[in-house]
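For this chain, numbers begin at 1 and follow the sequence in order.
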Amino acid sequence: MEEARVHPELGAGYAEFLAADFDPLQYARRISRGDKDSSSKDTDNDQMARAMEALGKRADALDGLLQQTVIASHADLLKQVVGVKALDASLAQVEDNVREIKAYMHALRTRIRVPYQQSQAYTSQASNLHAAIRHVRATARFIQLVRRLQTQIPLGSASGAPDFALGALTLLDIERAVTGGDLEGIHIVDQGMETIVKPRRDRTIAQAEQMLESGIRLRNQGDIAGGLQILFNLGMLATAVAARVRQYVSDWESAVRGRLDPRDVSAYVRDHNSRAKSIDGSDMVGITGVVLSRIEGLVDDLLARGLELRVLERVLARKRDVLPRFDVSNFSSSLAADIGSGSGGGGGGSGATPSFLDLVARELNSSSSAGIRVVAFWWREALSLLAAEINSACTESSVIRQMLTNSYPRVVQLFVPKLEQLQPLDLPLLWDQMLGNFEAEYVSRAASRIEDAVTRCYPPPPPPGLMEAQERRSLVASTGGIMATGSELITAVSVVPNRKLVAGVIRSMSTELEMAKSDARLAAAVTGAASSAARTFASITETKIATVTVNPSVLNPFGVPPHPLTKSLVGLLNTADALRLGIEELGDRGFSVDSASLRALVDKNAASLLDIADRAVTEAIYQAGTSADSSSLPSLDLFDIAAQWLQTQVLESMNIASFHWRVVEMVTKYLKIYTRVVCLAFPLTEETKLLLTGHATQFEFACSQLMAAASKMSPNDKQAKALSGLGGPYRALRMLRPLLFMNTAELARLVDEAKPDSDIPMVDLADHIVCRVATALLDNSDCSSAEVRPFLPYRIQKCKWTDWASSAESGTQLHQRNSVLAESLQHLVDKIQKTHKDGALSELVSLAQAAASRLLSS
């Protein structure tokens, strides 16, 4: 609301009266009470009179002000009055026009309503007439269809064979005519349905069921197709076939129930055996035979029913209505959606006509996941019922459960080969619902049997203190004390598994794999168990090896006498390798058992053992040589000890054929090293030559023994070599003895005839010539040994003679070695020429110069 405008002259004196909340009564009370001053002597009447007088003056002033305002605003008020009168005239004219329009609209409404009401009446009459005509037409069509049905399916003694397929279409049309035409209650229609249509419908359905039954039983696809077509024409294909499949499941449930009941099985066994007449009991039966026989019968029944349904499914998949007689667009769109999502079957793409199988599958799976066909539906339900029966029997009888577990491979053979005829099936469902528990338990027992065979290979550990007692007795015997007898010297042969026990592990694996090979799934599980057992054997053997080798004497090639546990160590490796070979033979028969752990164990420990022996023998060979730092030639006793340890404790006991060539390489290396050690002998006195001749013969015999022991490791290897088959290194060894006693001319001829394939390598011949020239200089002059030693090649090279003997002989290193040898020879020649100016030792000088020239040229 707008706030009241106050005249300027009223703003001061009349503001209180112009306020929106002004109350006259309250103002009068306030005036009547007044604010009495204690110093004033006026009475109440005097104060009232003064107030009234003031109000009167204000009223007069206000009246005068109003008169002035009216006079000042008179012209404006007159103009406003004139405008109001003109507006009133305009409003009166508008009211007249509105009244005229209302009268016109009333007349127009009257002219429209009457024809509309008449049209509505005519429309109602036409609708009633149309309904009457529709009923008459529907009744006439019903009569026509009934007459056609009587012609297609005659009853009684009427002539002509019935055409049930066309009759089914007519029955479907009659049903739609009666339902869609709302003909119920019409006498002629009810009578026709009762006396004509119903008997023929029942006969048609019976004929379709009969054709379907006989076609399934005889596997006649023509009869099945005819029966399905009649049911489809009747519009009841999906429900009728789905009901038949469910009836199969119901009949199977009746056939399965109680077949494996432990009480029934026991009663049958007792009754049958009580009537047995054979003296030897050959006609008696046991629970195992009866249960397996009944399971086999159930599997045969399952297969027979499944094959019947598969024939039905194949016909359903091929049949489809080329010219659909009813709307299937909704089903086709939903089917296309199922196919697009991957759950549909063979119903075609979007817009395709669905096959009969699609219709039936949709009905079967209306309450479950889509996409399961007839046989798959049957398989799932039937297998569930059979699994429930078997599980119930196993729950009630531990004997049956034990029997089925022990006979699991045979049970699998009862199922899988026969049921594979129903492919494609979800065979893993067979294990998930029924065989899985038996398989797991059987595989567990098979693994336990193989593990038991592995465990039997190793006896319990020896009592505490046994190993220490053996070592003490061995020590007493070796130090000259009382010799321990064979029974007192307790060996650790018990550490090594018996060969028969290892063969038992192979037999156990072979037996379990042979029993499981008929089923790929079971064979894979048992193969895994055998592989695990092989790894267990390798782990136990590794532990035994660690226990044996904890004593350093076991791996000491220089121990005298050798520790008895060394052969036990080799025996453990032989055992592991024997098991590996047995597993590889199983692989030749198609069983892929993993033996990698055994191979790794054997390769690792055998290589380590041969490395220890190799280092010991090599060290002994170097110690058997003489150098410029010593004047005496050591014996080959240390070499003999190490070589005999390698021969008797390792090679003669080792049966690992794969390491034969490793031993050949080792002996070849020994021949090369010993040849060089002999060629580096200094000083080369006559006594030294005689000793070296004997040592070479002794060394050759020891190496031949090593090669003989190595050849036994691979008896079937036709390429196994004897010592003479090593080629150049053996020829060089045989050349050592004549080389030591050759004169200067013969050595010069060897230098001239030196070739890469000569009996003695040029570098070794050069070493021998250096030592011979240095020895001659030492013997035929006043030179001391200290003056001659700096001219030796390893002194020039500033290294030990053993390092010089073991240096490589290829590439730049060989070129450097030749240069050092040439330099050594030149220094010796210069020394001889200074000390023997008379030309003595000239032949040696010529030999040294020829050798140096040959070295530099090569």
Exceeds 12 heavy-atom contacts within 6.0 angstrom, atom [atom1] of [X]:
| X | atom1 | value |
| --- | --- | --- |
| I143 | CD1 | yes |
| R217 | CZ | yes |
| R318 | CZ | yes |

Fill in: Sidechain N-carboxylate O distance under 4.0 Å for E514, R589
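Here E514 pairs with R589 in a salt bridge, since their nearest N and O are under 4.0 Å apart.
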Fill in: D251 and R246 ion-paired at < 4.0 Å
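Salt bridge flag = no for R246 with D251.
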What distance do [X] atom [atom1] and [Y] atom [atom2] have between them, rounded to the nearest 0.5 Å?
| X | Y | atom1 | atom2 | value |
| --- | --- | --- | --- | --- |
| E584 | S592 | CD | OG | 13.0 Å |
| M509 | E585 | CE | CD | 13.0 Å |
| L364 | E381 | CG | CD | 9.5 Å |
| I287 | S397 | CD1 | OG | 6.5 Å |
| S595 | F537 | OG | CZ | 12.5 Å |
| R535 | S597 | CZ | OG | 6.5 Å |

Does the side chain of [Y] come within less than 4.5 Å of [X]'s, by heavy atoms?
| X | Y | result |
| --- | --- | --- |
| S355 | L316 | no |
| R259 | I295 | no |
| E313 | L309 | no |
| R275 | D271 | yes |
| L586 | L513 | yes |
| I390 | F438 | yes |
| I133 | R137 | yes |
| L292 | T288 | yes |

Fill in: Set of residues satisfying salt bridge (Lys or Arg N to Asp or Glu O under 4.0 Å) with respect to D300, sequence neighbours excluded
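Partners of D300 under the salt bridge (Lys or Arg N to Asp or Glu O under 4.0 Å) test: K418.
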Item to complete: Output all residues satisfying salt bridge (Lys or Arg N to Asp or Glu O under 4.0 Å) with R148, sequence neighbours left out; order by chain, then residue number.
Response: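 With neighbours one apart ignored, the set is empty.
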Practice prompt. Return the minimal non-hydrogen interatomic distance between F142 and I188, and the atom names on each side.
Written response: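 Looking at all heavy atoms of both residues, the shortest contact is CE2-O, 4.0 Å.
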Item to complete: Quick one: closest heavy-atom pair of A393 and P262, and the distance?
Response: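 Minimum heavy-atom contact is O-CG, 3.9 Å.
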Contacts table for residues 161-173: side-chain donor-acceptor under 3.5 angstrom, sequence neighbours left out:
unit_1	atom_1	unit_2	atom_2	d
D163	OD1	A165	N	3.4
D163	OD1	L166	N	3.4
T170	OG1	Q152	OE1	2.6
T170	OG1	Q152	NE2	3.3
T170	OG1	L166	O	3.1

Verify, without hydrogens or angle tests, whether [X] (side chain) and [Y] (backbone) share a donor-acceptor contact under 3.5 angstrom.
| X | Y | result |
| --- | --- | --- |
| S444 | A440 | no |
| S407 | L404 | no |
| D301 | G297 | no |
| S392 | A388 | no |
| T204 | R200 | yes |
| R294 | L260 | no |

Residues forming a side-chain contact (heavy atoms from CB on, under 4.5 Å) with [X], sequence neighbours excluded:
| X | value |
| --- | --- |
| N273 | V269, M284, V285 |
| Q191 | H187, T195 |
| A382 | W252, L302, W378 |
| V311 | R219, Q221, I224 |

Item to complete: Could you name each residue pair satisfying ring pair (Phe, Tyr, Trp, His ring centres under 6.0 Å) that touches residues 386-418, not counting sequence neighbours?
Response: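 Only Y408-Y442 qualify under ring pair (Phe, Tyr, Trp, His ring centres under 6.0 Å).
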Practice prompt. For residues 439-451, pull every pair meeting salt bridge (Lys or Arg N to Asp or Glu O under 4.0 Å), keeping only residues two or more places apart or in separate chains.
Written response: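 Listed once each, the pairs are R401-E441, E439-R521, E441-R445, R449-E512.
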Discussion item. Suppose the criterion is salt bridge (Lys or Arg N to Asp or Glu O under 4.0 Å): which pairs have a residue in residues 227-242, not counting sequence neighbours?
Written reply: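 Found none.
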Worksheet item: Side chains of E308 and Y248: donor-acceptor distance under 3.5 Å anywhere?
Response: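 On atom types as modelled, these side chains qualify, holding a pair under 3.5 Å.
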Worksheet entry | Contacts of type ring pair (Phe, Tyr, Trp, His ring centres under 6.0 Å), residue F356, not counting sequence neighbours |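 With neighbours one apart ignored, the set is F232.
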Output side-chain donor-acceptor pairs under 3.5 Å for residues 206-216, partner residues at least two apart or in another chain, one line each.
unit_1	atom_1	unit_2	atom_2	d
E209	OE1	R244	NH2	2.6
E213	OE1	R244	NH1	2.6
S214	OG	Q210	O	3.0
S214	OG	M211	O	3.2

Item to complete: Report the C-alpha separation of R456 and D452 in whole Å, then their side-chain angles, then the decisive distance to 0.1 Å, and conclude whether the salt bridge (charged side-chain N to carboxylate O under 4.0 Å, His left out) test is met.
Response: CA-CA 6 Å; R456 284 194 297 271; D452 290 344; 5.2 Å; no
